[in-house]
Amino acid sequence: MDTALLVLLCAFPVVWCYSSGLIMDSCGDLLPHHSGLRPQTGPSPYTVTTEHSSYRPGEEVKVMLQGPASSPFIGFLLQARVVGDSFPVGWFSLISTAAQLLTCHHRSNASVSHRSNSAKNSIQVAWKSEPSGDIKAVTFHASFVQNYQVFWVNVTSPSLKIVNDYQDGSTSSPTPPVSSTPQLHGISSAGCGITKVCFSQPPNCDPTVFPDCYFMSAMMTSPNGPAIRYEMTGPSDGYIAFGFSDDQMMGNDDIYICGVGNNGRLWVQRAFSTGRSAPQVVPLGNVSEVKTSMQNRVLSCSFTSTNMISTKATSGFKKSYHLMFAHGPSNRGGIQIHTGTFISANKIDVSRPSLAPKAGLPCLIQAHGALMLIAWMTLGSMGMMVARYLRAAAGGLNFLGKDVWFLVHVAVMSLTLAATAIGFILSFSHVKAWSGGAHPVLGCIVMILSSLQLFLALLRCGPQHKLRFLFSWFHALNGMAIKAIAVAAIFTGLELIDSTTDHWLMKVMGGFVGWEVLFYILLEYHLKWKVKGNDDTASLGSKMIRADSLLVTLYFLGNFSFLIALLVGIGML
């Protein structure tokens with residue numbers, strides 16, 4: 001008795017999965033995978049038929065699964081395949097409520113299966129071919145499950161031939177030119193706020209004009225109907241996605257993904273996120289008229305859905321949700337951590353046309369960016385310049401037994417480290433997770449090397465120690481490495497948040513770095529010139545010291561200008 005109970009408990013999850021029709025692992029061989037059981041070899045009592053014996057490209061064809069009243073089936077799996085091939089083609093839409101759509105081989109709605117293990121004598125669905133391309137004769141392949149032990153696999157329909165209206169009824173399909181531009185499916189800002197909800201970054205951009213525009217729209221196909229036409233487009237090497245959320249944080253979100261599969265083709269998936277873990281793919285459900293396009297890294301997907309929007313707290317078409325848009329890389333057809341995202345400022349009702357405003361940058365992230373800019377583009381530069389170029393200008397001044405230049409260097413670099421630590425903590429306290437991408441990696445390296453710089457400085461040997469030169473060289477090289485990595489981290493951070501149309505924050509940062517490099521070159525050249533002139537008169541040395549001070553003053557006037565421009569820009573995001 002105990003053994004039997006144990007077997008039942010172990011088998012229950014598998015049996016439940018098959019009874020629910022979520023059988024994506026059967027997409028290739030159509031086998032139910034009932035442990036240790038083989039399909040029947042005799043004739044099947046069930047049939048697969050079509051309403052016509054031929055079809056035209058893009059034409060809808062009704063497909064019927066039927067069985068005798070005395071032998072109903074409890075499960076099935078149906079696909080359309082090109083004659084002689086093993087991959088599904090076209091897509092299905094539902095007529096019967098006892099069926100559901102499945103994603104197979106990264107093709108949305110490429111298969112149909114049962115929704116439950118209730119007895120069935122007939123199922124009717126609609127199938128539509130690709131609207132263009134190298135279309136050939138197809139056959140419908142089905143598996144039928146009478147009970148757990150009795151099932152038939154690869155029951156086929158008569159071949160459905162293609163009719164070519166362009167070649168006097170021949171069965172070869174036309175091959176019109178196929179465009180792969182984002183405008184293929186008419187994804188544009190036309191009708192935004194009038195007939196459809198639109199959400200984009202940069203705000204109010206038109207994807208037909210601006211190729212770097214991330215855009216999604218939702219439009220009710222009829223005033224009282226449940227169908228919504230969704231569109232999304234944007235540049236990405238992996239995927240773009242939009243979702244519905246009850247708040248502005250990731251978790252418990254209803255998501256649609258437009259991504260690049262293993263075969264290089266685009267697919268549409270539906271997923272649900274729980275917490276900050278990777279979204280879990282769920283059956284695509286009642287989605288039809290899927291169209292995709294990809295050119296020059298710009299991905300575009302559009303589709304019609306009658307699925308209810310569902311989050312943890314609310315569900316339905318007439319509810320309001322925050323809109324989320326994300327994009328990032330993919331690996332072997334699976335999405336990775338997003339590298340960019342933006343969220344609507346308000347909750348949006350997709351049944352009411354509007355322009356969804358983008359939420360501003362969170363205050364903690366704005367503070368993080370400001371602190372890192374101040375730390376490494378101003379304070380850090382000041383500390384490095386004082387130590388290398390302004391020692392002579394201090395004229396040997398001492399305070400409390402220490403050189404003034406040294407005290408200024410220590411004070412400024414201490415502020416730099418403090419600002420870095422605070423900014424580091426603020427970013428993680430907001431995200432509460434590892435966000436992915438190069439930016440957090442570079443930021444962690446800066447934090448580690450900065451802490452190491454402080455630790456070794458506290459333990460440095462005296463000025464007269466024979467190994468002092470090792471500390472001096474490491475201190476200088478590590479400082480330059482931190483500076484370079486910090487600049488790279490700032491660039492990658494600005495790239496994540498710069499939603500301006502012309503990316504002017506990135507351009508200002510480029511000018512900032514160029515200004516700094518220019519003055520480092522001038523100061524370094526002036527330092528070499530000054531070393532060569534050590535034997536010259538005292539008046540010449542005084543003039544050179546004044547030149548040092550003048551160059552540093554000019555540098556910081558420009559530095560403060562660039563810094564203020566970037567801080568204002570971040571505050572406006």
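The first residue in the sequence is number 1, and the count goes up from there.
Here E495 pairs with nothing under the side chain to side chain donor-acceptor pair (under 3.5 Å) rule; sequence neighbours left out. Scanning for ring pair (Phe, Tyr, Trp, His ring centres under 6.0 Å) contacts around F87 gives H105, with sequence neighbours left out. Partners of D85 by side chain to side chain donor-acceptor pair (under 3.5 Å), not counting sequence neighbours: none found. The side chain to side chain donor-acceptor pair (under 3.5 Å) search around Y256 returns S305, N307, not counting sequence neighbours.
The main-chain N or O of I74 is found under 3.5 Å from a side-chain atom of K120 such that the two form a donor-acceptor pair. The closest donor-acceptor contact from the side chain of S143 to the backbone of L30 lies under 3.5 Å. For H322 (side chain) and D246 (main-chain N/O), no donor-acceptor pair under 3.5 Å exists by modelled atom type. Side-chain N or O atoms of Y214 include one that pairs as donor or acceptor with a backbone N or O of P235 at under 3.5 Å. Not one N or O on the side chain of S129 forms a donor-acceptor pair closer than 3.5 Å with the backbone of G90. No donor-acceptor pair under 3.5 Å is formed between the side chain of S200 and the backbone N or O of F215. In this structure, the side chain of Y46 engages the main chain of P72 through a donor-acceptor pair within 3.5 Å. At least one donor-acceptor pair closer than 3.5 Å links the side chain of D206 to the backbone N or O of T208. Between the side chain of R115 and the main chain of A99, a donor-acceptor pair closer than 3.5 Å is present.
Scanning all heavy atoms of the two residues, the minimum distance from S93 to E60 falls at OG-OE1, 3.9 Å. Closest approach of L505 to L494, counting heavy atoms only: O-CD1, 4.0 Å. Taking all atoms of both residues into account, the shortest heavy-atom contact from D247 to M324 is O-CE, 3.7 Å. The two atoms that bring P357 and N346 nearest to each other are CG-ND2, 3.6 Å, heavy atoms only. Looking at every heavy atom in both residues, C27 comes nearest to R81 through O-NH2, 3.4 Å. Of all the heavy atoms in S429 and L364, the pair that sits closest is OG-CD1, 4.0 Å.
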- Task: Test side chain to side chain contact (heavy atoms under 4.5 Å, CB included) on R352 and V197 and set out the steps.
- Result: CA-CA 7 Å; R352 298 180 179 180; V197 171; 5.8 Å; no
- Does the side chain to side chain contact (heavy atoms under 4.5 Å, CB included) test come out yes or no for C205 and Q201, once each step is laid out? CA-CA 7 Å; C205 62; Q201 178 177 279; over 6 Å; no
- Query: Are D254 and R270 close enough, and set up right, to give a side chain to side chain contact (heavy atoms under 4.5 Å, CB included), and what steps lead you there?
  - Reply: CA-CA 8 Å; D254 195 349; R270 190 182 184 191; 2.8 Å; yes
- Task: Go through the steps for N286 and T304 under the test side chain to side chain contact (heavy atoms under 4.5 Å, CB included), then give the verdict.
- Result: CA-CA 8 Å; N286 299 319; T304 300; over 6 Å; no
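Using modelled atom types, one finds a donor on one side chain and an acceptor on the other under 3.5 Å when comparing S111 with Q79. Of the N and O atoms on the side chains of T49 and T47, not one donor lies less than 3.5 Å from an acceptor on the other residue. If you check the side chains of D349 and S320, you find no donor sitting under 3.5 Å from an acceptor. At a cut-off of 3.5 Å, with distance as the only test, no side-chain donor of T221 or R229 sits close to an acceptor on the other residue. No side-chain donor from either of S236 and H327 sits under 3.5 Å from a side-chain acceptor of the other.
Separating the OG1 atom in T103 from the CG atom in L284 is a distance of 4.5 Å, to the nearest 0.5 Å. Distance check: S188 OG to E231 CD gives 7.0 Å after rounding to the nearest 0.5 Å. The structure places CG of L37 at 5.5 Å from CZ of F151, a figure rounded to the nearest 0.5 Å. Atom CZ of residue F199 and atom CG of residue L355 lie 11.5 Å apart, to the nearest 0.5 angstrom. Taken to the nearest 0.5 Å, the CZ atom of F76 stands 4.5 Å off from the CD1 atom of I123. If you take CE on M232 and OG on S300, they are separated by 10.0 Å, rounding to the nearest 0.5 Å.
Side-chain atoms of V260 and M294, non-hydrogen and from C-beta on, do get closer than 4.5 Å to each other. Side-chain contact check for L94 versus L101: some heavy-atom pair is nearer than 4.5 Å. Residues K62 and I95 form a side-chain contact, since some pair of their non-hydrogen atoms from C-beta on lies under 4.5 Å apart. Using a 4.5 Å cut-off on side-chain heavy atoms (C-beta onward), N117 and Y148 make no contact. At least one side-chain heavy atom of F272 sits less than 4.5 Å from a side-chain heavy atom of N252. Taking 4.5 Å as the limit, some side-chain heavy atom of Q40 sits within range of a side-chain heavy atom of V150. Contact annotation: the side chain of V89 approaches that of V138 to within less than 4.5 Å [non-hydrogen atoms, C-beta and beyond]. In this structure, the side chains of F144 and L65 come closer than 4.5 Å at one or more pairs of heavy atoms.
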Hey, can you pull the donor-acceptor pairs under 3.5 Å for the side chains in residues 152-159, sequence neighbours left out?
unit_1	atom_1	unit_2	atom_2	d
W152	NE1	G42	O	3.3
W152	NE1	P43	O	3.4
N154	OD1	H141	ND1	2.6
S157	OG	F140	N	3.0

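Using the six-membered ring where Trp is involved, F244 and F242 have ring planes that are perpendicular, over 60° apart on the 30 and 60° scheme. Using the six-membered ring where Trp is involved, F325 and F342 have ring planes that are parallel, under 30° apart on the 30 and 60° scheme.
Applying the salt bridge (charged side-chain N to carboxylate O under 4.0 Å, His left out) rule to pairs touching residues 293-309 yields D237-R297, sequence neighbours excluded.
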